[in-house]
Structure formats: structure tokens, C-alpha cells
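This report concerns only the one structure given below.
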Amino acid sequence: MSQRENTPVLDQPWRDRAGFCGVEVLDQPSGPIALTQRAHLRALAVRIKIVHDLLAAFADEHTPFPVELLAAQTRELVAVRLLLERYAAGDPGTHLAPGVFADPAARRDYERLLSLGRRAGPPPCT
């Protein structure tokens, strides 16, 4: 990752893998965002972390598991966290271990979905 005008910018190989195309969004001036947009970004980061942590848990429990899903979710989480940092919106998941959430509702969602996934067992191989 490199810095460009006080904004962390993803290096070209990462952007290519993440599927960015067209106008380089992260090279554009950031401009202002509303408080509701900041709150939406934080909520989105929490939801993405839930999915990321669930994928990590299931990858450890079930083989074979499509690890590409986890890598894609990691890239998405990094991109949203870069936006949170860029707009000084604060990331509620920073420095939290997998499966740990500051918000009790997010923790309940994670535990509920983890329980459902464990009860369902691994998907059938086709």
C-alpha cells in the first residue's frame, strides 16, 4: 500500500485482483460525505466482518472449502476499511479478533449464523 495525498492507496496488483476498473476511484479527490453515509459505511464494515469471520471459521472446519471466497471477502473488508479511514469514519472492527464484535447485535448475528452453519454441516461436494 502506498500513500497519495494523505490517503492510503492500494498498489496496482491488488487493485487488479480486486476487480477495480475504469476511472481509478481511489485516485480521485475524496470530497465530503454525510454523517449518515459514514454510519452506513461502519455498518457495512461490520456486516462484511461477520461474513469474513464466518468464512474463516467454516474454512477451518470443512474441507474442501473454496478458500477463494475468504480471499475475496478479505479484499472487500480491506477496501471498506480504507474508505472508513479516508473519511475518518472510525472502524468498529479494527484490531478485533475473528468472531469478536464490539456491537452486541453483530455478535448475536455471528453466533446465530455460525450455529446454523455448523448444524447444517458441510455442503455436499458436486
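Keep in mind that this is a model prediction, so the values were computed, not measured.
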Side chains of Asp109 and Val46: does their closest heavy-atom pair fall under 4.5 Å?
no
Spell out, as yes or no, whether a donor-acceptor pair under 3.5 Å connects the side chain of Lys49 to the backbone of Phe101.
no
Does any N or O in the side chain of Glu111 come within less than 3.5 Å of the main-chain N or O of Arg108, such that one atom is a donor and the other an acceptor?
no
Shortest non-hydrogen pair, Ala102 vs Pro92, comes out as CB-O, 4.2 Å
Ala57 and Tyr110: which non-hydrogen atoms are nearest, and at how many Å?
CB-OH, 4.0 Å
Closest non-hydrogen atom pair between Leu113 and Phe58, with its separation
O-CZ, 4.1 Å
Donor-acceptor contact below 3.5 Å, side chain Arg38 vs main chain Tyr87
yes
Is there a side-chain contact (heavy atoms from CB on, under 4.5 Å) between Ile33 and Leu41 once you walk through the steps?
CA-CA 10 Å; Ile33 64 171; Leu41 267 178; 4.2 Å; yes
Examine Leu114 and Leu116 and state if one hydrophobic cluster contains both, with Ile, Leu, Val, Met, Phe, Trp and Tyr joined whenever side-chain heavy atoms are less than 4.5 Å apart.
yes
Sole candidate of Leu77, Leu83, Val80 that passes side-chain contact (heavy atoms from CB on, under 4.5 Å) when paired with Leu44:
Val80
Provide the closest heavy-atom pair for Pro98 versus Asp53 in the form atom of the first, atom of the second, distance.
CA-OD2, 3.5 Å
Would you say that Ile48 contacts Gln73 through its side chain, given a criterion of any heavy-atom pair below 4.5 Å between the two side chains?
yes
Report yes or no: does Arg42 contribute a side-chain atom to a donor-acceptor pair with the main-chain N or O of Ala89 at less than 3.5 Å?
yes
Okay, side chain of Arg86, backbone of Arg81: is any donor-acceptor separation there less than 3.5 Å?
no
Heavy-atom side-chain contact between Thr74 and His52 under 4.5 Å
yes
Using a strict 4.0 Å threshold on nitrogen-to-oxygen distance, state whether Arg107 and Asp103 make a salt bridge.
no
